[in-house]
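I have placed the structure first, in the form of structure tokens, so that the comments after it can refer back to it.
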Amino acid sequence: MDKVKTGIKGFDKLVDGGFPRGKSILLSGTPGTCKTIFALQFLHNGAMESKEKGLYISFEERTQSLKNQALQFGWDFDKLEKSGMVKIISIPPKSIKESTAAEIIKMANEGNIKRLVVDSLSVLSINAPTTYTKVSELTNISIKRFMYRFINDLRDSNSNITSLLISQTTNGQLSRDTVSEFICDGIIHISYESLGGDYSRSLIIRKMRETNNDEDVHPLEIGKNGLIVHDLK
């Protein structure tokens, strides 16, 4: 199977060498758990090490803010954009519509994108266009249907595009919309809590279809060159 290496130190061995190409991976966690850093590193390493073009779609943060975060680790996304290897696009929540997934897919296909990041599904679900506006139950069903179609369209559009979909955990669920974890091919969950040692963040792979994956909890460190996944041993 063709694998997509993240290049994140200590991570790829947990998924037998990398993500299966063409799959949609849910990256979930509470605020401050380095989900954005993980995604930026995924695109940066893809461009620099694997020569794969990347696209970052943000419904939450502005383009310059993401670039500034990346510069902390020496990742120059301005340079990558000028070379045509990576593109970061910020879409205001008010601009989300039924055709948003199709527009993202079109951009990815026309740009020969191999790595796609959508940040975040939480904002997308909150601002999802719905048919019903008065009955909360029907609105919830409509949101779930929209998210189901959105993720399925991304996954089925091009078998060469590997997607990393970011979501916040809420009320014990792995995503705000509560359906993404079932639709996505893989789930990476990052937690912020004391492990009784040097690390306050931990990472676990909840599932990864079509490949073997490690099921243990692993400490996650923010190093000067990016994220580092450690073993508990």
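Just the heavy atoms: all of them, side chains too, but no hydrogens, waters or symmetry mates, feed the values below.
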*asked:* Assess the residue pair S180 and D177 against the criterion (side chain to side chain donor-acceptor pair (under 3.5 Å)); give the C-alpha distance rounded to whole Å, side-chain angles, the decisive distance to 0.1 Å, and a yes or no.
replied: CA-CA 7 Å; S180 300; D177 57 81; 2.7 Å; yes
*Who pairs with R21 by salt bridge (charged side-chain N to carboxylate O under 4.0 Å, His left out), at least two apart in sequence or on another chain?*
D2, E52
*Would you tell me whether R155 and N152 have side-chain atoms, one donor and one acceptor, within less than 3.5 Å of each other?*
yes
*asked:* Let me confirm one number: the CD1-CG distance from I91 to N127, rounded to the nearest 0.5 Å.
replied: 12.0 Å
*Ring center gap for Y199 and Y192 short of 6.0 angstrom*: no
*Is there a donor-acceptor pair under 3.5 Å between the side chain of N45 and the backbone N or O of T6?*
yes
*Decide, yes or no, whether a salt bridge links E103 with K97 under the criterion of side-chain N to carboxylate O below 4.0 Å.*
yes
_Audit row: R149, D156, salt bridge (charged side-chain N to carboxylate O under 4.0 Å, His left out) steps and yes/no_ = CA-CA 10 Å; R149 288 196 302 270; D156 297 340; over 6 Å; no
_Distance check, rounded to the nearest 0.5 Å: D16 atom CG versus E210 atom CD?_
12.5 Å
*For the pair D231 and K13, find out whether any cationic side-chain nitrogen is under 4.0 Å from an anionic carboxylate oxygen.*
yes
*State, without any angle test, whether K144 and T178 hold a side-chain donor-acceptor pair at a distance under 3.5 Å.*
yes
*Mind checking what makes salt bridge (charged side-chain N to carboxylate O under 4.0 Å, His left out) contact with E81, not counting sequence neighbours?*
K67
